[in-house]
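Heads up: the structure comes next, in structure tokens.
Keep in mind that this is a model prediction, so the values were computed, not measured.
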Protein chains: 2
Amino acid sequence: MATIRDVARKAGVSVATVSRALNDKGYVHEDTRKAINEAIKELNYKPNEVARSLYKKKSRLIGLLLPDIRNPFFPELARGVEDIMQESGYRLIIGNADEKPEKENDYIQTFIQNNVIGIISASHTEKKHYKHLTCPVVFLDRTSEPFPSVYADGLTGGKMAAREIIRRGSKRITLLRGPIEVKTAQDRFKGALDELCQANVDFNVMTMASFAYQDASKCAKEIFEKYPDTDGVIASNDIAAAAILHEAIRKGKSIPNDLQIVGYDDIPLSGLLFPPLSTIKQPAYEMGREAAKLLIKLINNEPIQNRMIQMPVTFIERQTTRKVEENG
Amino acid sequence: MATIRDVARKAGVSVATVSRALNDKGYVHEDTRKAINEAIKELNYKPNEVARSLYKKKSRLIGLLLPDIRNPFFPELARGVEDIMQESGYRLIIGNADEKPEKENDYIQTFIQNNVIGIISASHTEKKHYKHLTCPVVFLDRTSEPFPSVYADGLTGGKMAAREIIRRGSKRITLLRGPIEVKTAQDRFKGALDELCQANVDFNVMTMASFAYQDASKCAKEIFEKYPDTDGVIASNDIAAAAILHEAIRKGKSIPNDLQIVGYDDIPLSGLLFPPLSTIKQPAYEMGREAAKLLIKLINNEPIQNRMIQMPVTFIERQTTRKVEENG
DNA sequence: TTGAAAGCGGTACCAT
DNA sequence: ATGGTACCGCTTTCAA
């Protein structure tokens, strides 16, 4: 690999001048610049980011912490983040925390040790891990004061799910509760719970061990054993919903006539299920983009109008819920 | 952040000694070591990986290049890689090449500039990008001589898909062909094509623009317009298969009686579709693990028995294909 | 067994 | 407009 010294030698100037030309800082004569650029081309020189980072104590790396890369919701977030970062010349280190505090902390250490210029975390089991960080941090998919965040309103999302399923006539509802350690799952759970309490319906609650596909399937089987007369399921996310849907059809239920199902997230596959899944959409890709934009502003010390960006959730009506009869 | 100098001062020794203690190299007196460890603890010192990397020209970072993080097959690979790397103290930079040669090259440059110690690439549109790399490279999910690779046999996989669907009685088969730029998709396509040619069946071919969900849906609609009497679809991957399945059911076809469908990959959601999708399984997670292990060996200059690791593909019989009547 | 000092490849200050 | 050089934090000779 060619170094800045090689370039300087070839162009007949000092390293300082090359550095200035490279970074567009200070004066560089047009001819000099030309000679330097030529040398750079000939040598196929690429600045060593590590050396740069060592001096500046800042790299062009962004740390992105995800709780579970296998849940399609998170790659969607990641793509949003990546697309914006790419445009600004930043690169991502992606870490998979696996919902485990130790792994989360491991990755944060890695980020720091590699001089990341900022962190976006969708996995924040413990606030204390972030307390003493000196680089800007944006929380994604959930909030934790006083950190800037981009999130969708889980409480409202949960309420919405419950309201829509009630409005469409379910009377004996099973509310699925996501793993307790997943905070966002608890928000939507509470929202739905509130709404259910206020409505004239029966309901029961079932808690999932995890969002993994296997656990979802197991949970789906259990539901129909324990609550065979359930006529509406508010799932904790789309994976769970897919599992329930699957099991319901296997059992010969007619969807949505015998049973309505509402999912959460609107992952890409939701529309490809059969029947297509009605769900609460979180605008994952957009959330990722917003988080990235926010972090970049933070990095550049630009003024922030709004450090808590709440993105709208929407009810996506597909075919696991009945049509409403009345207008409005 | 505390530096090695702070530790040295606190422990009353030189930085050289601290460094030796840190890396277990050369002699360090037991007492000295104890003092150093104490200082490290008190200062909560973590070595600066960037400085380390600058000197050694090697970091603990691994570059992982994926073609599309939104296709659930790739996160599965990534998890396999990550789990092994994690154990050995390596961390991942994940890049998303988006099937675009420029993005691929961008990320490779980033990897190099950050002194990655090795690269695993599941996205190799152009061999030349890898030709002159000095760090070890492992190709994942496909081969490209002379690089070490971990891959599943697409030709066999394609043949298998065709054979199984023919064996189960489809007579007018539609063979879906993945995007031409995706080499693995072409392998399985060729395998299936071979098998179809040798069998006593009619068939037609349809090429997809991409594996994106939207394109898959569009393609599914087209199939039933152009080839309404198709009684078997060999899909180019599970996403495509899901779209076909969805459309077929929407059209009131009985699966697998009117139409059989075979997917490819066996992504986690395949089993949750309805009916559950019969598919050719690539052991993605295991492939990721093997690739990681291979790369680590390469990094450590360990002897390699086998630089081309082929993983088995298997037919996963679910319910989009008919049961075979005869035995064997 | 330990320490001084020379790098690794850049950046930026201060002269010129 | 350009160059000399100290420095970022760590590793590794080499000498003591």
Closest heavy-atom pair and its distance - [X], [Y]:
X	Y	value
A:Val7	A:Ile40	CG1-CG1, 3.8 Å
B:Gly118	B:Cys135	CA-SG, 4.1 Å
B:Ile36	B:Ala21	CD1-CB, 3.8 Å

Show me, pair by pair, the donor-acceptor contacts under 3.5 angstrom made by side chains of residues 48-58 of chain A, not counting sequence neighbours?
| residue | atom | partner | partner atom | Å |
| --- | --- | --- | --- | --- |
| A:Asn48 | OD1 | A:Val50 | N | 2.7 |
| A:Asn48 | OD1 | A:Ala51 | N | 3.1 |
| A:Glu49 | OE2 | A:Arg52 | NH1 | 3.2 |
| A:Arg52 | NH2 | A:Asn23 | OD1 | 3.4 |
| A:Ser53 | OG | A:Asn115 | ND2 | 3.0 |

Could I get a table of every N or O pair under 3.5 Å where one atom is in the protein and the other is in nucleotides 12-16 of chain D?
| residue | atom | partner | partner atom | Å |
| --- | --- | --- | --- | --- |
| D:dT12 | OP2 | B:Lys25 | NZ | 3.3 |
| D:dT12 | O4' | B:Tyr55 | OH | 3.1 |

Would you tabulate the side-chain donor-acceptor contacts of residues 139-148 of chain A under 3.5 Å, counting partners in other chains and residues two or more places apart, or write 'none'?
| residue | atom | partner | partner atom | Å |
| --- | --- | --- | --- | --- |
| A:Arg142 | NE | A:His124 | ND1 | 3.2 |

Taking only Lys NZ, Arg NE, NH1 and NH2, and the carboxylate oxygens of Asp or Glu, determine whether [X] and [Y] approach each other closer than 4.0 Å.
X	Y	result
B:Asp24	B:Arg33	yes
A:Glu76	A:Arg79	no
A:Asp106	A:Lys103	no

Taking [atom1] from [X] and [atom2] from [N], how many angstroms apart are they, rounded to a whole number?
X	N	atom1	atom2	answer
A:Met1	C:dG9	CE	C1'	12 Å
B:Ile112	C:dG9	CD1	P	15 Å
A:Asp24	C:dT11	CG	P	12 Å
A:Arg9	C:dG9	CZ	P	11 Å
B:Leu22	D:dT11	CG	P	6 Å
B:Asn115	C:dC8	CG	P	14 Å
A:Arg5	C:dT11	CZ	P	11 Å
A:Lys58	D:dG9	NZ	C1'	15 Å

Quiz item: Under 6.0 Å from the CD1 atom of A:Ile180, do we count more than 12 heavy atoms belonging to anything else shown?
Solution: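 12 or below, so no.
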
Self-check item: Base C:dG9 to side chain A:Arg52, donor-acceptor N/O within 3.5 Å cut-off
Solution: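 Checked by distance alone, the answer is no.
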
Quiz item: Between the two ends of the helix from C:dT1-D:dA16 to C:dT16-D:dA1, what is the bend in degrees, rounded to 10 degrees, where each end axis spans five pairs?
Solution: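 Computed angle between terminal axes is 40°.
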
Quiz prompt | Contacting residues from residues 28-48 of chain B, given that a heavy atom lies under 4.0 angstrom of DNA chain C | solution =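 Residues of residues 28-48 of chain B that come under 4.0 Å of DNA chain C are, in numerical order, B:Val28, B:His29, B:Thr32.
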
Quiz item: Is the Lys NZ or Arg CZ of B:Arg91 less than 6.0 Å from the centre of A:Tyr107's six-membered ring, within 45° of the axis?
Solution: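 Judged by the rule, B:Arg91 and A:Tyr107 form a cation-pi pair.
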
Quiz item: Should B:Thr3 be listed as having a side-chain N or O under 4.0 Å from OP1 or OP2 of D:dG9?
Solution: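 So the side chain of B:Thr3 is outside the cut-off, no N or O lying under 4.0 Å from OP1 or OP2 of D:dG9.
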
Quiz item: Distance check: side-chain N/O of A:Lys57 vs OP1/OP2 of D:dG9, anything under 4.0 Å?
Solution: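 Yes, A:Lys57 has a side-chain N/O under 4.0 Å of OP1/OP2 on D:dG9.
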
Considering only distance and modelled atom types, tabulate donor-acceptor pairs under 3.5 Å from the side chains of residues 294-303 of chain B, sequence neighbours left out.
| residue | atom | partner | partner atom | Å |
| --- | --- | --- | --- | --- |
| B:Asn300 | ND2 | B:Ile296 | O | 3.4 |
| B:Asn300 | ND2 | B:Glu302 | OE2 | 3.4 |

Exercise. Could you verify whether a donor N or O on one side chain and an acceptor N or O on the other, from B:Tyr130 and B:Glu104, lie under 3.5 Å apart?
Key: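 Side chains of B:Tyr130 and B:Glu104: pair found under 3.5 Å.
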
Exercise. Quick one: label B:Val50 by what it contacts on the DNA or RNA (base, sugar-phosphate, nothing), any heavy atom closer than 4.0 Å.
Key: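 Counting heavy atoms under 4.0 Å across all strands, no contact is made by B:Val50.
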
Quiz item: 5'-most contact on DNA chain C: A:Ala2 or B:Gly26, nearest heavy atom basis?
Solution: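 The residue closer to the strand's 5' end, by nearest nucleotide, is B:Gly26.
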
